[in-house]
Peer 1: 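This is the structure I have questions about; it appears just below.
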Protein chains: 2
Amino acid sequence: MPVLISPSLDEARKELVVGLEARKLVVMVASCSVEYSGRTGSHLGEGERLVIVKGDGCILVHRGHDYQPVNWQPSGCIIQAHANDGTLVLKAVRPSPLESLTLVVKEIQFLGSFVLQDAAEFILHASEEEMQRAIILQPDMIEPGFKILDFEKKVPPGFVDVYGVDRDGNIVVIEIKKDPAGFPVIKQLLEYLKYLQAPPGRKLRPMIVAPSIAKGSQSTLAKSGIEFKQLTLQKAVEILQKYARSDQQALKSWL
Amino acid sequence: MPVLISPSLDEARKELVVGLEARKLVVMVASCSVEYSGRTGSHLGEGERLVIVKGDGCILVHRGHDYQPVNWQPSGCIIQAHANDGTLVLKAVRPSPLESLTLVVKEIQFLGSFVLQDAAEFILHASEEEMQRAIILQPDMIEPGFKILDFEKKVPPGFVDVYGVDRDGNIVVIEIKKDPAGFPVIKQLLEYLKYLQAPPGRKLRPMIVAPSIAKGSQSTLAKSGIEFKQLTLQKAVEILQKYARSDQQALKSWL
DNA sequence: CGTGCCAGGTGCCAT
DNA sequence: ATGGCACTTGGCACG
């Protein structure tokens, strides 16, 4: 866990190269300027920033504020460091799309390289997928007698989240949103409907399943003939937990 | 620029509190577990991570790989650090939407706090806006005789990027894309057309201005009656530079 | 405030 | 590679 305080540029370069070689995490606080060129381009004059280079070849340049990095390059880049005219030049090239990020480092306050022991699994609760799984596990939470025919059903403009039939044989077309459903969802669902039809004598019942409807879309929804069924993430998670044991089996039966 | 190597949790807590107080950038490499709860929720077991706390009240938890943080909280959070049962507990609460991120820190490899001197301006070249400005500054780059009537012209479904007239008095409706233009752009433009009409005896000329057309949309475009004019960001930037001096005046004349 | 829209969005998975 | 889409998307502009 080498840590350098106010190293010379050459000391820093050596440690950086060694760290990159070993695929370690390198953290640096340094005065630098940054150029980006690729899908678009950007320029950032000299100033002190936090620079992070990870073992998988991604790089982040953070300023003293803001959640987002001011410049970056995602994983899979080729990263080089070389001395040039009294500066340390860091280059991160992304092959596709071809993009390049260049840092010209003038002075380094701090440079450390770390190996992070981290085998833990990251679990994210609740998402659209979890809501979908809750519906699949317990279809009658939509309404009594509802049966599922398919999910992620392909139609030309995209995929129908859940596709099923009500107790009277009408086709129910469900679009799920984890956030309050707005105008775009209505459009999306209506688009899908163009490519679907109910059996003779039966209806198509488009339905949005979401925690709520966006305020401004209330009336549009009413006019559109689309039904709304409330489902919060909270409730979806409860259903999943209830079915936790049979969960995998129920999903498998669909594969 | 205090830097602590393998500090005790209490030493770290003190430095952290002082750093937060002074709105400094605090960087920490530590073994911790992370819980998030808010719009959804997540759990991450114990492991070594890079933790960044910025002066504006945002926090990032990075693992040894990936461009994205595994957990985070955007700017504007209330961040607290307190000792608890032999651990250091870091809490970041976001007021709206109400969300909370909790780190339980067991051991710290490194903690440093920094003041970043950084007054530079960040300049991002190119975006749809820059392409639009290039067209406004030099309309005949679209074609000789082209004149601009309006931009960001409101129509019910959204805004027309550039609205103008050709040398024959036909109305040109331009939709700009900085990326290869695909299916959605065509649909969007056709949608706008419904709410526009040309003067008697003149035509409506829908036109997409973009660096290229997405592969699969080539034929759809041909059938749609929409014209395509190539404009790369590169060229847009060149035009802007050429007109750099008169830039502001030209734009003002439209306001 | 909520709602809509853009982003160097990123990431995941499909054909 | 390209397309379609979710994301704790974040961010900004606007009613």
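Just so you know, these numbers use all the heavy atoms, side chains as well, and skip hydrogens, waters and symmetry mates. Since the model is a prediction, treat every value here as computed from it, not as a measurement. Just so we're on the same page: letters track the sequence lines, and every chain starts at 1.
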Peer 1: Using the test side-chain contact (heavy atoms from CB on, under 4.5 Å), find all partners of B/Val93 that sit at least two apart in sequence or belong to another chain.
Peer 2: B/Leu98, B/Ser100

Peer 1: Can you tell me how far P in C/dG8 sits from the matching atom in D/dC5, rounded to whole Å?
Peer 2: 23 Å

Peer 1: Does A/Ser37 have any side-chain contact (heavy atoms from CB on, under 4.5 Å) partners at least two apart in sequence or in another chain, and if so, which?
Peer 2: none

Peer 1: Can you measure A/Ile176 atom CD1 to D/dC5 atom P for me and round it to whole angstrom units?
Peer 2: 14 Å

Peer 1: Assign B/Lys177 to base, sugar-phosphate, or nothing according to its heavy-atom contacts below 4.0 angstrom with the strands shown.
Peer 2: nothing

Peer 1: What integer number of Å spans the P atoms of D/dT8 and C/dC5?
Peer 2: 22 Å

Peer 1: Round to a whole Å and report the spacing from CG of A/Leu233 to C1' of D/dC7.
Peer 2: 12 Å

Peer 1: Please table the atom pairs, donor to acceptor, closer than 3.5 Å between any side-chain atom in residues 27-35 of chain A and protein atoms at least two apart or in another chain.
Peer 2:
unit_1	atom_1	unit_2	atom_2	d
A/Ser31	OG	A/Glu46	OE2	3.1
A/Glu35	OE1	A/His43	ND1	3.4
A/Glu35	OE2	A/His43	ND1	2.4

Peer 1: Could you give the CZ-to-C1' distance, from A/Phe159 to C/dC12, as a whole number of Å?
Peer 2: 12 Å

Peer 1: With sugar-phosphate meaning primed atoms plus P, OP1 and OP2, does A/Pro157 contact a base, only sugar-phosphate, or nothing at under 4.0 Å between heavy atoms?
Peer 2: sugar-phosphate

Peer 1: Return the value, rounded to whole Å, for the distance between atom NE2 of B/His125 and atom P of C/dA7.
Peer 2: 16 Å

Peer 1: Atom CD of A/Glu128 and atom C1' of C/dC12: how far apart are they, to the nearest Å?
Peer 2: 14 Å

Peer 1: In whole angstrom, give the distance that lies between atom CD of A/Gln132 and atom P of D/dA6.
Peer 2: 10 Å

Peer 1: Can you tell me the distance, in whole Å, between the CD1 atom of A/Ile59 and the C1' atom of C/dG8?
Peer 2: 15 Å

Peer 1: Please set out all donor-acceptor pairs under 3.5 angstrom arising from side-chain atoms of residues 55-64 of chain A, sequence neighbours excluded.
Peer 2:
unit_1	atom_1	unit_2	atom_2	d
A/Asp56	OD2	A/Ser75	OG	2.9
A/Asp56	OD2	B/Asp66	N	2.7
A/His62	ND1	B/Lys54	NZ	2.8
A/Arg63	NE	B/Asp118	OD2	2.8
A/Arg63	NH2	B/Asp118	OD1	2.9
A/Arg63	NH2	B/Asp118	OD2	3.3
A/Arg63	NH2	B/Ala120	O	2.6

Peer 1: Summarise how protein sits on nucleotides 8-15 of chain D as a single string, 5' to 3': B when a protein heavy atom is under 4.0 Å from the base, S for sugar-phosphate-only contact, - for no contact.
Peer 2: BSSS----

Peer 1: Taking any heavy-atom pair under 4.0 Å as a contact, classify A/Gly158: base, sugar-phosphate, or nothing.
Peer 2: sugar-phosphate

Peer 1: How many whole angstroms separate atom CZ of A/Phe151 from atom P of C/dA14?
Peer 2: 12 Å

Peer 1: With sequence neighbours left out, write down each residue that passes side-chain contact (heavy atoms from CB on, under 4.5 Å) with A/Asp179, or none if nothing qualifies.
Peer 2: none

Peer 1: Apply the side chain to side chain contact (heavy atoms under 4.5 Å, CB included) test between A/Val173 and each candidate in A/Val162, A/Leu193, A/Asp161; give the one that qualifies.
Peer 2: A/Leu193

Peer 1: Can you name the residues that form a side-chain contact (heavy atoms from CB on, under 4.5 Å) with A/Pro97, not counting sequence neighbours?
Peer 2: A/Arg39, A/Arg94, A/Glu99

Peer 1: Near DNA chain C, which residues from residues 211-226 of chain A have a heavy atom under 4.0 Å away?
Peer 2: A/Ala214, A/Lys215, A/Ser217

Peer 1: Once salt bridge (Lys or Arg N to Asp or Glu O under 4.0 Å) is applied, what residue pairs with a partner in residues 209-221 of chain A remain, sequence neighbours excluded?
Peer 2: none

Peer 1: With a 4.5 Å cut-off on side-chain heavy atoms, are A/Leu190 and A/Ile226 touching?
Peer 2: yes

